[in-house]
There are 2 protein chains.
Amino acid sequence: MPRRLPTVSDVARAAGVSRQTVSNVLNSPEIVREATRDRVTAAVAELGYRPHASARRLRTRRASTIAVRLDPFAGGISGAVLDRFLHALTERAEARGLTVMLYTATDAGDEIRQFQRLVDGAVVDAFVLASTYSGDPRTEWLIEHGHPFVTFGRPWGIPELDDPQHFWVDVDGRAGVAEAVRRLRASGARRVGFLGWPAGSGTGDERRAGWAAALAEAGVDAGERALLTVDAEESVAAARAAAKRLLGQASDLDAIVAASDTLALGALIATGGALRVVGFDNTPVAEAIGFSSIDQRVDEVAAAALELLDLVGRSEAGDPRSHRLITPDVIMRTPGPALGLVG
Amino acid sequence: MPRRLPTVSDVARAAGVSRQTVSNVLNSPEIVREATRDRVTAAVAELGYRPHASARRLRTRRASTIAVRLDPFAGGISGAVLDRFLHALTERAEARGLTVMLYTATDAGDEIRQFQRLVDGAVVDAFVLASTYSGDPRTEWLIEHGHPFVTFGRPWGIPELDDPQHFWVDVDGRAGVAEAVRRLRASGARRVGFLGWPAGSGTGDERRAGWAAALAEAGVDAGERALLTVDAEESVAAARAAAKRLLGQASDLDAIVAASDTLALGALIATGGALRVVGFDNTPVAEAIGFSSIDQRVDEVAAAALELLDLVGRSEAGDPRSHRLITPDVIMRTPGPALGLVG
DNA sequence: TTGTATGCGTTATCAG
DNA sequence: CTGATAACGCATACAA
């Protein structure tokens with residue numbers, strides 16, 4: 001039976017104070033005398049009082065809700081990343097008294113219509129976008145209309161990157177891959193190849209750059225590096241074929257770092273498990289099969305996103321606080337000899 | 001600049017009617033004369049008016065929001081199912097003017113505390129639970145307190161299964177697996193094994209029962225069947241080992257149906273791709289590697305869940321409408337010969 | 001420090 | 001069919 005819920009008035013009556021005092025105890029406890037405060041908190045506990053979210057929102061004009069778009073396909077093997085991010089975000093949002101709600105959209109135009117609906121209905125007061133691209137109409141619209149947002153992922157266009165209005169948090173793929181290469185070398189792998197996406201995706205280019213930097217550090221020159229890397233689209237089959245090519249042009253390979261777990265799986269199959277392979281995203285597949293991978297640390301990303309949301313609007317031009325780069329974790333695994341794959 | 005949002009009063013003024021008439025046009029258009037209605041809708045369009053969600057909620061005492069718990073680990077290979085379900089649910093909820101919000105919980109007790117918080121704060125008016133078990137304290141609490149909910153997954157205890165207060169929708173794993181076996185046999189596979197979870201999980205037992213039924217149909221007796229099935233915990237390594245055992249005790253196997261894609265992957269590795277393997281859940285991994293799998297049709301599940309939510313409270317004892325069984329889809333794939341795996 | 005009065009935007013009630 | 005009035009629960013400016 002949904003009994004009538006207690007309100008501030010009920011609490012006030014029970015504690016023998018005014019409504020206002022109750023409100024104060026709840027919102028600015030420091031300004032009320034301790035004895036009174038205790039009486040009120042006791043009454044709150046006894047009655048099981050909870051602030052009515054809608055009433056508060058109506059009054060404060062804040063929804064305390066952030067919206068996240070759920071992708072049509074959480075697809076591909078790496079879809080799980082967004083999932084984990086969402087979980088982390090929800091958890092940390094709760095801790096801050098925020099609610100996470102979901103929406104879907106078929107394309108950017110549709111998504112902007114959703115923004116409209118959600119802000120006009122005062123359902124939401126901030127957005128978290130899971131990815132952006134140069135000239136993204138969504139971020140332009142949000143900035144133009146003054147609605148707070150954070151993106152998980154850098155805006156890869158030149159001008160937006162330092163736009164103090166564009167708050168973003170991203171994972172430093174370059175640093176992660178470089179670290180993975182170093183770890184491989186430290187554990188004896190002399191020649192480390194890279195299986196990446198075709199040039200042009202900011203994320204993919206960064207990851208390859210990390211590999212190149214680590215090799216350069218170790219004295220491998222550009223000419224040699226060129227033989228140690230190949231491209232593949234994001235599919236196991238394409239990765240497998242590409243890895244075969246790589247083995248052909250660099251026969252004495254010890255390990256391969258890949259731009260994703262999907263590519264890594266392809267490489268693993270192509271090499272029959274003879275080489276050490278490191279993927280990216282640390283998906284359940286990497287864990288299940290037991291190959292190494294680079295973890296995005298979505299928990300840190302979520303925390304940073306919420307912190308940035310706090311700063312939105314308060315940022316000055318060039319303020320470095322408007323973005324944040326998280327260093328990922330390299331998870332090394334040694335696949336059990338039990339598991340052999342050959343292609 | 002977040003301009004001041006137009007309110008019903010603004011619309012009323014623009015249309016030259018009273019606030020109430022505007023409200024009527026919005027909520028019960030049929031009771032207002034056409035000419036007036038048109039004037040009002042025109043004003044609404046022109047001002048870009050949207051009802052203020054919180055105000056409406058405060059007044060109507062309905063949040064039009066359903067809460068879904070996000071699992072700590074979306075984990076394992078099959079975590080993607082919940083993800084797809086969530087997307088489908090969000091999409092269909094939007095179409096019904098509902099919002100989906102997320103919460104997290106560490107255990108059942110914690111989750112009940114979350115229920116409390118969400119309903120007391122009037123943040124939510126219904127819950128979708130992604131799974132239940134016999135004597136689940138969460139469903140008991142929700143029923144006892146009269147809060148609407150639907151579970152994705154049957155309550156496997158005897159008494160709850162037909163409880164008209166317990167609304168559930170589930171996927172008919174038995175039918176799906178039986179169909180997969182039939183399809184395999186139709187395409188020439190004579191002996192079809194089953195790699196399942198240890199007995200005791202309702203879901204797993206159903207899937208095995210489907211396999212057994214299809215074999216029985218085809219004249220394979222119980223004694224023979226006993227040699228054609230083995231158990232494994234939900235891990236690739238365990239599945240691989242179990243599949244090896246299965247190959248040992250039934251050497252002339254043509255195909256294996258598994259209770260999950262994780263198990264299927266293990267079987268695929270163990271058999272070196274020589275046998276046809278069918279998994280369950282049609283996860284990205286199955287798609288990436290190219291083996292057959294049974295799809296839960298989460299879209300139908302989501303639709304059914306929302307329909308059931310409409311009925312909650314209106315159901316009589318024994319009302320069959322309080323639950324719904326969705327028949328899954330068997331997705332047959334023929335792995336390219338390019339992909340070989342051996343264990 | 002505490003109490004009083006008022007309004008956030010909406011819908012329900014009821015009189016015209 | 002339309003319009004005035006009140007109330008949902010909370011928070012704030014202001015007065016005591």
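Just so you know, these numbers use all the heavy atoms, side chains as well, and skip hydrogens, waters and symmetry mates. In what follows, chains carry the letters A, B, and so on, assigned in the order in which the sequence lines appear, proteins first and then strands, with residues in each chain numbered from 1.
- Side-chain atoms of B:R19 and base atoms of D:dG3 include no donor and acceptor less than 3.5 Å apart.
- Note on ring orientation: taking the six-membered ring where Trp is involved, the planes of B:H166 and B:F149 are perpendicular (angle over 60°, cut-offs 30° and 60°).
- If you check every strand for non-hydrogen atoms under 4.0 Å, A:R61 touches sugar and phosphate atoms only.
- Phosphate contact (OP1/OP2 of C:dT4, side-chain N/O of A:S18, threshold under 4.0 Å): absent.
- Within the nucleic acid shown, B:S54 has no heavy atom closer than 4.0 Å to any nucleic acid atom.
- Rounded to the nearest 0.5 angstrom, A:D107 CG and A:R138 CZ are separated by 10.5 Å.
- Using the six-membered ring where Trp is involved, B:H323 and B:W168 have ring planes that are parallel, under 30° apart on the 30 and 60° scheme.
- Contacts of A:S23 with the nucleic acid, taken as non-hydrogen atoms under 4.0 Å apart, include base atoms.
- Rounding to whole angstrom units, CZ of residue B:R62 and P of D:dC8 are separated by 18 Å.
- Contacts of A:R37 with the nucleic acid, taken as non-hydrogen atoms under 4.0 Å apart, are absent.
- Between A:Y49 atom OH and D:dG9 atom C1' there is a gap of 7 Å when expressed in whole angstrom units.
- Using a 4.0 Å heavy-atom criterion, one finds that A:I31 contacts the sugar-phosphate atoms exclusively.
- Distance, B:R13 CZ to D:dG3 P: 14 Å, rounded to whole Å.
- A:R62 has no carboxylate O lying under 4.0 Å from a charged side-chain N of A:D125, or vice versa, which leaves the two without a salt bridge.
- Considering only side-chain atoms of B:R33, the nucleotide from D:dT2, C:dT11, D:dG9 that sits closest is D:dT2.
- Summarising the geometry, the separation between CG on B:N24 and P on D:dG3 is reported as 10 Å, rounded to the nearest angstrom.
- In plain terms, the two heavy atoms of B:L309 and B:F127 that are nearest each other are CD1-O, 4.5 Å.
- The base of D:dT2 does not come close enough to the side chain of B:R39 for any donor and acceptor atom to sit less than 3.5 Å apart.
- Per the geometry, CD belonging to A:Q20 stands 9 Å off C1' belonging to D:dA13, to the nearest Å.
- Across all strands shown, B:T36 has heavy atoms under 4.0 Å from sugar-phosphate atoms exclusively, and none from any base.
- The base of C:dT10 does not come close enough to the side chain of B:R56 for any donor and acceptor atom to sit less than 3.5 Å apart.
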